[in-house]
Engineer: 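Structure incoming, see below.
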Amino acid sequence: MTHLLSHLASVALAASPPAEGAARAAAPVLGRVVEGPWTAVLIPGLPLLAAVLVALCAAGRVRSKLPAWITVGCLAGAFAAAVQTYLAVVHQPGLAQGVRVLEWIHLSWGEKPGQSFAADFGLYLDSLTMLWMLFVTGLATLIALYASEYMAHDLGAGYNRFYFAFALFVFSMSCLVMGDNLILLYLGWEGVGLCSYLLIGYFYKKPSAVAAAKKAFIMNRIGDLGLALGIMLTFVQFGSVRYAEIFEAAAPYLTLAGEGRIGEIPLLIQLIPVLFTVGAFGKSAQLPLYVWLPDAMEGPTPVSALIHAATMVTAGVYLVARFLPLYQCSTWALPIVAWTGAGTALLAATIGMAQFDIKRIMAYSTVSQLGYMFAGLGVLTSAGAAYHVFTHAFFKATLFLGCGAVMHGFAGQLDLRKLSGVAFMKGWGIVGLAMLVGCLNLAGFPFTAGFFSKDMILAEAFASPTYQALGWVLLFTAGLTAYYTFRVFFRVFIGPKFYEPGDELHAHDDHGHGHGGAHGHGDGHGHAPAKAKATADAAHDFHPHAPGWAINVVMVLLTVGSILAAYPYLISWVPGLIDASSARVIEVAHGGEHAHGTFFGYDPHAVMYYVSAIVGAVGIIFAFVLHFVGRTGAATAKADALLPVFGPLARWAQNKWYVDEFYNFLVRVPLLVISHVLHLADKLLVDGLVDLAGFMPQAAGRGLRRQQTGALNGYAFGMVLGVGVIAAIGAVLLW
Amino acid sequence: MEHLISPVLLYGACAIGALGVLVALPRERLTPAVFGAILLAGAFGALVLGLGFAAPDQVPNFHFYIFSLIALLASLRVISHPRPIYSALYFILTILAACGLYLILSAEFLAFALIIVYAGAILITYLFVIMLATEGPTADQVEALNEYDRVAREPVLAAGAGFIVLAALTTLLVGGSTGLKADPRLMPGDTRLAVMPQKVNDSLRAAGLIKGDEGVIHIEKERRWGITPRRDGNGTLYVADKNGLGASTRLIPQAQWPADLRLSNTEGVAFSLIDGHPGAIEIAGVILLMAMLGAVVLARKKVELDEAAKAQAQRHARLDEPDVAGVTR
Amino acid sequence: MLLALILIPLLTAAVVPLAPKRSVGQVALLGTLVALALAAYLTLGRDWSGPDAGRDLAVSAPWMPELGLVFKLGTDGLSMSLVALTALLGPICVACSFTAVTQRVRTYYGWLLVLQAAMTGVFLARDMILFYVFFEFTLVPMFVLISLYGSTNRKAAAVKFFLYTFTGSVIALAGIVYAAWFNANRVDAADPVAKALVAASPDLVLGRWTFDLASLQAAASRFMSAETQWWVFLALLCGFAVKVPLVPVHTWLPLAHTEAPTAGSVVLAGVLLKLGTYGLLKIAIGLCPAGAMAWAPTIGLLCLLGIVGAGLICWVQTDVKKLVAYSSVAHLGFCVLGLFAFNDAGVQGSVLYMINHGLSTGALFLCIGMIYERYHTRSMREIGGLAARMPIWATFMVFFTMASVGLPGLNGFVSEFLCLLGAFQAGDVWRSHPLTVGGTGGNLGPYVAAIAGTGMIIAAMYLLYMLGHVVFGPLREPHHDEHHSASGGAHDAEPRLPADLTAREIGVLAPLAVLCLVLGVYPKPLMRMVDPGVKEVIAAVEGARTQRPATRPVAEGDAGAAPALATQEAAR
Amino acid sequence: MIGGTLVTLLAQGPIPADMGGVTLAHYLVVSAVMFVLGLVGFMVRRNLIIMFLCTELMFQAAGIALIAFSRFHMNHTGQTFVIFVLTVAAAEAAMALALVVLLFRRKETLDGAAWRELKG
C-alpha cells in the first residue's frame with residue numbers, strides 16, 4: 001500500500017498537470033448522434049428488472065436475502081453493460097451515441113422547428129455519461145452487497161422495500177444520466193428524489209425520519225421547479241428538449257461566447273442555465289437548499305453512502321457539466337455556480353467542525369465537497385469537478401460505509417464523544433484502515449485521489465484572475481476539512497478503547513426477529529434494555545458485533561478503489577473523457593493576452609500541490625493535537641478547552657448556524673400562517689358569501705311568512721290589492 | 001280618448017260610495033246603515049247624472065235605473081246586514097233586480113233561468129245552511145247575534161281597497177267601452193236559420209209566401225231545405241217544389257221575409273250552447289256530478305271536534321247535566 | 001353502440017331493484033362490467049386519430065322537432081376517452097361499495113348506475129339541450145348518494161352541492177339558449193359565409209332554430225361579435241366553472257367530497273368535475289372562442305389562485321378526505337390553466353389531466369374510503385402510521401400519492417408538465433423575441449407558468465404531509481370499541497374487515513395503479529386518440545384570433561380583411 | 001206578469017248602440033259596483049256563509065257584464081257563459097256549503113277567523 005502511494009506520488013510530482021500538458025483531444029461534435037450499442041439499454045434495464053423482481057418478492061412475502069442477491073446480480077450486470085458501453089463510446093471519441101427505446105410524449109402542431117414537442121425514452125451516450133454510469137453502477141453494486149448484510153436485521157417486508165427502492169434508484173439515476181432529452185432527465189431527477197424519499201423514510205415509524213424524507217423531497221421540488229422552468233424555456237428558445245438538437249441550436253451562441261461577444265447573446269438564453277442552476281442546487285444540496293442533506297442521514301447508512309454522498313447528489317454537477325455549453329453562453333450562471341459552491345463549501349465545513357454525530361459530520365463534508373465541485377465548474381474546470389465527483393464518490397462511500405459499520409456494530413451509536421479506539425477492537429481493523437484511507441482522501445493528504453482532484457479545482461480558481469478570492473475561500477475550507485475529518489478519526493478510531501452502545505438499535509425492538517446469523521454473536525435479542533443503562537458499564541451486557549464478510553469485502557474494495565482513483569488523474573483519463581463530451585470548456589478569445597491569475601507570482605498549477613498539502617497537514621496536526629494527544633476518555637478532548645475562545649460562534653456552528661430555524665421562521669411559519677388565513681377566509685368569507693346567498697331567500701321567506709295570517713279575509717285582501725294595482729296600472733296606461 | 005264621464009265625477013262617486021259602504025257595514029255600536037244607504041244613493045245619483053250627461057240626446061231608460069238601483073242597494077244590504085238570513089233574502093232581491101236588467105238586455109231565457117236556479121235552488125240551500133249553522137235565540141237573549149256577524153273586519157282597509165279597485169275598474173270599463181264598436185263578425189245573424197228549415201217553412205207558410213208542396217231549399221250546399229241568408233240583409237230564399245231544384249224554383253229576397261223569420265234569443269242561446277260549446281257542457285255536467293258526490297261525501301263525514309272545542313263541549317255538557325255530575329260526586 | 005353505452009347502466013339500474021338483496025351488488029357489477037367491455041371495445045378496437053374517427057358511430061333521431069331538438073349522440077377520441085374513464089370507474093365504484101354500503105342497497109346501486117348513464121350521456125351528447133339534460137341529470141343521483149349514504153353532515157352537503165351547481169348551470173342554459181336564438185334570428189342562411197360553411201359540412205343548420213352543437217358553434221364563432229361572445233362565455237362559465245370548480249366558486253366541493261360515500265367521492269372527483277372542464281373545452285370554447293380568449297387572463301388568475309391558494313389550504317387540513325378534496329381544486333387549476341393556453345401542449349395536457357386526475361384522485365379517495373371503512377374516522381389526529389398495520393394499502397397509497405404529486409413516469413406528470421408547458425408557451429411576450437421558436441402566443445405566459453409551478457412544490461408539501469401523518473410515523477389507531485358502542489348495532493351488521501386490504505380491494509385498486517403507470521410511461525395511444533379533438537378546439541381559437549367575427553361580412557368588407565390579418569399573423 | 005210585459009216592452013229593443021238610452025258603459029258600471037260590493041263584503045264579513053254569498057254576488061256582477069256584452073255584440077256566447085257561471089256557482093254552493101257545515105260542526109262557529117291553520 002505504501003509502496004503504491006509513493007509510486008503514485010513520484011509520478012504525480014513528475015508529471016505536469018494534465019489539463020495543461022496533455023494535448024487536448026479533438027473538440028466533440030455536438031449535435032450529432034450516431035447509433036449506439038444496444039447493451040446500453042441494459043444499464044437502466046437491469047436495475048428496473050431488479051426493481052420489478054424485488055417487487056414480486058415483496059408480493060410473494062419473501063423473507064430471505066433473495067432480493068439482495070437479485071439486486072446485486074442485476075447491478076453487477078448493469079456495471080458490466082456500462083463497461084461494455086464505455087468501450088464502445090470511447091471507441092468513437094467526441095461523438096455522442098444514441099439509442100431509442102420507446103416513444104413517450106409526442107406532440108406536433110406544425111412543420112416548423114419549435115412546433116413539435118418530442119421526448120422519448122432514448123439514451124444519449126457520450127464520455128460524460130459513461131463516466132457517471134461507471135461509478136454509479138459500480139458503487140451501487142458494492143453498496144448493495146454491503147447492505148445485504150447491513151439490512152439483514154430487517155429481513156422480510158422492510159428488506160424487500162429497501163432493495164426495491166435501491167434498484168429503482170439506480171434505474172432513475174441511469175435515466176437521469178443517460179437520457180437523451182431533458183424530460184427524461186427530469187424523470188430521473190424526480191425518480192431519484194422519490195427513491196431518496198422512500199429510503200430516507202425507511203424507518204418510517206421514526207417521526208424524524210419521516211420529517212427528513214419530506215424535507216428532502218420538498219427541498220428537491222423547489223429545485224425541480226427551477227429545472228422545469230429551465231426546460232420549458234429551453235424548449236421555447238431552441239424548439240426541442242433533445243440534447244443533440246439543443247446543442248445544435250445553441251452552437252451559434254457558443255461561437256459568440258467563444259469570440260468574447262457574450263453580451264450579444266439574448267438575455268433569455270442566458271437565463272436558461274440560471275434556472276438549471278436552481279435545480280442543480282436543490283439536488284446537489286447547495287446554498288440555500290442544502291438543509292435537507294444532513295437530515296437525510298436518517299436513512300440507512302448504505303443509502304447515505306450511495307445516494308446522499310456518491311451518486312444522486314452529484315446529479316446537479318452532472319447537469320451543469322452536461323449543459324456547460326449553455327453555461328458558457330451566460331454571463332451570470334457560472335459566477336453564481338462558483339460563488340454558491342464556495343460559500344456552501346465553507347459554511348458546511350464550519351458546521352461540520354462543530355458536530356458530534358459522525359454521520360452528520362460526513363453529511364456536512366458531503367455538502368462541503370459538493371460545494372467544491374460546483375466551485376470547480378464555476379471556475380471552468382469541468383474536468384476538475386468531474387474528477388472530484390469521481391474521487392469523492394469512492395472515498396465518501398468508504399467513509400459512510402465505515403460510519404455505517406460503526407453504527408451497525410454499536411447499536412446506532414454515532415456520537416464521537418461516546419466512542420474511542422474502535423480501530424483497535426477485535427474485528428474492526430479493516431474498517432479502521434478503510435476509514436484512515438477515506439479520511440486522508442477527504443483531508444486532501446498528498447498523493448491521495450482527493451488531493452489531486454481538490455488541487456485541480458483550487459489551481460484553476462487561483463489561475464483565473466476573477467476568482468482569486470474564491471480560491472482563498474476554498475483553500476481555507478480545505479484546512480477546515482482536514483481538521484474535522486481527522487477529528488473524527490482521532491477520536492473514534494484510535495486512542496483508548498471505549499464505547500457506549502446507542503439506543504436506537506435500528507428499531508430492532510420493533511421487529512422482533514433480531515439479527516441474522518452473519519453477525520456471529522448470540523444474544524441477538526438483548527439490546528432493547530440498553531437504553532436504560534446508557535453508561536460505561538453498559539459494556540457488560542453489550543458486545544459490539546464486528547462487521548461480517550460482506551461489509552469487510554466491500555470496505556476493502558472501496559478502499560482500494562479510493563486509492564486507485566488517483567491513478568486516472570495520472571493518465572488524464574477523466575479530463576480526456578470530459579473534453580470529449582459536451583462538458584468541454586471552450587477557449588475564450590480575450591482579445592489580447594490571456595490574463596492568467598497567479599498565486600503570489602507563481603503559476604498556481606505548479607505550486608498548488610505544495611500549498612494544499614501544507615494546508616491539509618496543518619488541519620490534521622490541529623486535529624491531532626486537539627483530539628488525540630493526551631486524550632484519555634471518549635467524552636472530552638483538549639479541543640473543549642478552546643471553545644470559549646470562539647465565544648458563541650462554536651455554539652452557533654453546532655446549531656448549524658440556525659439555518660433551519662431561520663428557514664422555519666422566514667418561510668414555513670409565514671406560509672403556515674397564510675395557509676390558515678386562507679383556510680379561514682375560504683371557510684368564512686368565500687363559503688360565507690355562498691351561505692349568505694343561500695340564507696337570504698330563507699330570511700326573506702321567514703319575513704314574508706308573517707304576512708300569512710291564515711285568515712281567509714287576509715288572502716282576499718291581498719288578492720284585491722293585487723287586482724287593484726294591476727287594474728290601476730291598466731287604467732293609467734289607458735288614460 | 002273621449003271621456004264618457006268626467007273622471008273627477010267618477011272618482012268622486014266612487015269615493016262617496018266607498019264611504020257609504022264603510023258607514024253601512026256592521027260594527028260594534030250602532031249600525032247606521034241608513035246613512036250609508038243615503039250616501040250610496042247619492043253616489044249612484046252622481047253616477048247617473050254623470051252618465052246621463054254623457055249621452056244627453058238619449059232619453060234615459062227608466063227601467064234600467066230602477067233595476068240597477070234596486071240591485072245595488074240590495075247587494076249593499078247583503079254585505080251589510082248583520083243577520084245572515086236577511087243577507088240571503090236581500091241576495092234574492094239582488095238576483096231579481098239583476099233579472100230585470102237581463103230582460104232589458106233581451107236575455108229573457110237567462111233571466112228566468114236565474115230566478116229558478118239562483119233564487120229558487122241555490123239560495124234555498126243557503127237558507128237551509130244558515131238555519132242549520134246559526135244558533136237560535138236563547139231564552140235570555142233575544143238578539144242572538146254572533147260577534148262575528150256584528151263586527152266587520154277591517155272595514156276601512158277593505159273599503160279603501162274596494163275603492164281603488166272600483167275606481168280602476170270603472171275607469172277601464174268606461175274608458176274601454178266608449179270606443180268599443182260592436183263586432184259584426186260576432187253576430188250570428190240569421191245564419192242559424194239555415195239549419196232550421198221547419199221554422200222557416202212554417203213562418204213562410206204562415207205569411208202566405210209559400211203554398212202547397214213548395215219548400216225552401218239551399219242551393220249551395222245542395223240540401224233539400226235551406227236558405228242562404230246573408231249578414232248584410234241580402235240573403236235569398238230559394239223556394240222549390242218536391243221535385244227539387246228546377247225551373248219552378250223561385251227566390252224570396254230578404255226584404256220580403258216575414259218579421260218573425262229570425263232567430264229568437266232562446267234559440268240563439270241554445271245554438272251557442274249546444275252547437276258551440278258541447279265539450280263545455282259535458283265538463284259542466286261532470287263538475288256538477290262531482291260537486292254532488294263531494295257534497296254527499298262531505299256531509300256523511302263524522303267530524304271529530306278538535307281539542308279546544310271538545311273541552312268546551314264537555315264543559316257545556318257538564319253544565320247542562322248537573323245531575324250526572326252530582327251523582328258521580 | 002353509443003346508445004348502448006348509456007342504456008346498459010340504465011337497464012341495469014332498472015333490474016337492480018328486482019334483484020335479491022344479497023346479489024344486488026353482483027348484478028350492478030355485471031352491468032357495469034358489460035358497459036366497460038363495450039367501452040373498451042369501442043376505445044381500443046378502432047383508430048381514433050383521424051379527424052373523422054368515430055363519426056360512423058353517431059346516432060341521430062328527432063326529439064322535439066318543433067324546438068329544433070335532436071336526440072343526437074356522437075363521439076370523437078376526446079369524448080371517447082372520457083367515456084372510457086367513466087366506464088372504468090363504474091365497476092370500481094360498485095365493487096368498492098360491497099362492504100361499505102349495507103343499508104338500502106338497491107337504491108344505492110340503482111342511482112349509482114343512473115349516474116353512470118348520465119355522465120356517459122354528457123360526453124356523448126351532440127345536441128346542446130341533450131347535453132344540458134344529461135349534465136343536470138347527474139345532479140339527482142349524486143344528490144341522493146350524498147344525502148342518503150354520506151356521513152354526518154350529508155344533508156347540508158347534498159343541498160349545497162345541488163343548489164350551487166344547479167344555479168350555475170341554469171345560467172349556462174341561458175347562454176345556450178341565447179346562442180340558439182342568435183343562430184335562429186341573427187344568422188342569415190343566405191349569407192355567403194354561411195353558405196360556405198354549409199357547403200363545407202352539409203349537416204350544419206344555420207339561420208333556423210336548432211340546438212345542434214356543431215351548428216351553434218359554427219354560427220356563434222363566425223357571426224357573433226366578440227363582445228357578445230364575452231357575455232355568452234360568461235354565462236357558460238358560470239355553469240362550468242362551478243362544476244370544475246374554479247376558485248372562488250369551489251366551496252361546495254370540499255363539503256360534498258367529505259360527506260359523500262366513497263363511491264360518490266370517486267365519481268365526483270373522477271368524472272363529475274370533468275364535466276366542467278369538458279364543457280369548457282367542448283362547448284364553451286368552441287362556441288365563443290373570442291370570448292374565451294378575452295376571459296383567458298382572468299381565468300388564468302383564478303387558476304393560479306386555485307393552484308396556490310387551495311394547495312396551501314390543503315396543507316392545514318386535518319381531515320384526510322378534505323385534504324384530497326381541496327387538492328382536486330388545485331389540480332383542476334392546472335387542468336383549466338392548460339386549457340386556456342389554447343395551444344397543443346396546453347390543451348393536450350389538459351385533456352390528459354382530466355383522465356389522469358380521475359384515475360389518481362379517484363384512487364386516493366378509494367384508499368381513504370378503505371381506511372374510513374375500518375376506522376370510521378378521517379381525522380389525521382386519530383389515525384397515523386398505518387403502514388405498519390396495512391403495508392399493501394400503504395404501498396397503494398404512496399403510489400397514488402406520487403401519481404398525484406406528478407412524479408415523472410406516472411400519469412400525473414405528463415399532463416401536469418404539458419399544462420405548464422402550454423401555459424409557458426402561451427405568452428405574447430415571446431412575440432417580442434425574434435429568435436424564439438417554441439412560443440405560441442396567448443394570454444398566459446412564463447410568469448403564470450412559474451407561479452403555477454409553485455403548485456408543484458405545494459402539492460408535494462401537502463401530499464407528503466398527508467403521507468407523513470397517515471401512512472408513516474408512529475402507529476395511531478382509534479379505539480374500535482368506542483366507535484362500535486357509539487354507533488350502536490349498525491356496524492355490527494357489517495362484515496368485519498381484516499387489517500390489510502382484501503383481495504377485492506386490491507382488485508379495485510390494481511387496475512387504477514396499472515393504468516397510472518401505463519399512462520405515465522406510454523401515453524402515446526391516448527395522446528393520439530385525443531389529438532383530433534384538441535386540434536379542433538385550437539383551430540376554433542386560432543380562427544377567432546386571426547379573423548374578426550364576420551357579423552356583417554359583405555357590408556364592411558371584413559371578409560377581405562380577415563385573410564390579410566391571418567397572413568399578417570402568420571408572418572409573425 | 002210583470003216579466004211578460006217587460007218582455008213585450010223590451011225584448012225587441014233597439015240594436016246595439018242604442019240600448020234604451022243607456023250605453024254599454026252603464027251596465028258595466030253597475031256590474032263593477034256590484035262586483036266591488038261583493039269584494040268588500042268578502043273582505044269585511046267574518047261569517048263564512050256570508051262570505052260565500054259575497055262570492056255569489058260577484059258571480060252576479062260578472063253575469064251582468066257578460067249579458068251586457070252579449071247584447072252589445074248581438075252574440076249569444078255571453079249568455080252561454082252565464083249559464084256556465086250558473087253551473088259553477090251551483091256546484092260551488094253545494095261544495096262550499098257542505099264544507100261550511102263540516103267546519104261548523106268542528107268548531108261550533110262560523111267565524112272565518114277561527115281557521116288559521118295556514119298561518120305562517
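Side-chain atoms are counted along with the backbone in the values below, which use heavy atoms only and exclude waters and symmetry mates.
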Engineer: May I ask you to list the residues in residues 48-57 of chain D that approach chain A closer than 4.5 angstrom, counting heavy atoms only, ordered by number?
Structural biologist: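 Listed by number: L48(D), M51(D).
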Engineer: Would one find more than 12 heavy atoms of other residues, nucleotides or ligands at under 6.0 Å from atom CZ of F662(A)?
Structural biologist: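 It does not: F662(A) CZ has 12 such atoms or fewer within range.
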Engineer: Which residues pass the side-chain contact (heavy atoms from CB on, under 4.5 Å) test with T77(D), not counting sequence neighbours?
Structural biologist: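 S272(B), H277(B), N75(D), F81(D).
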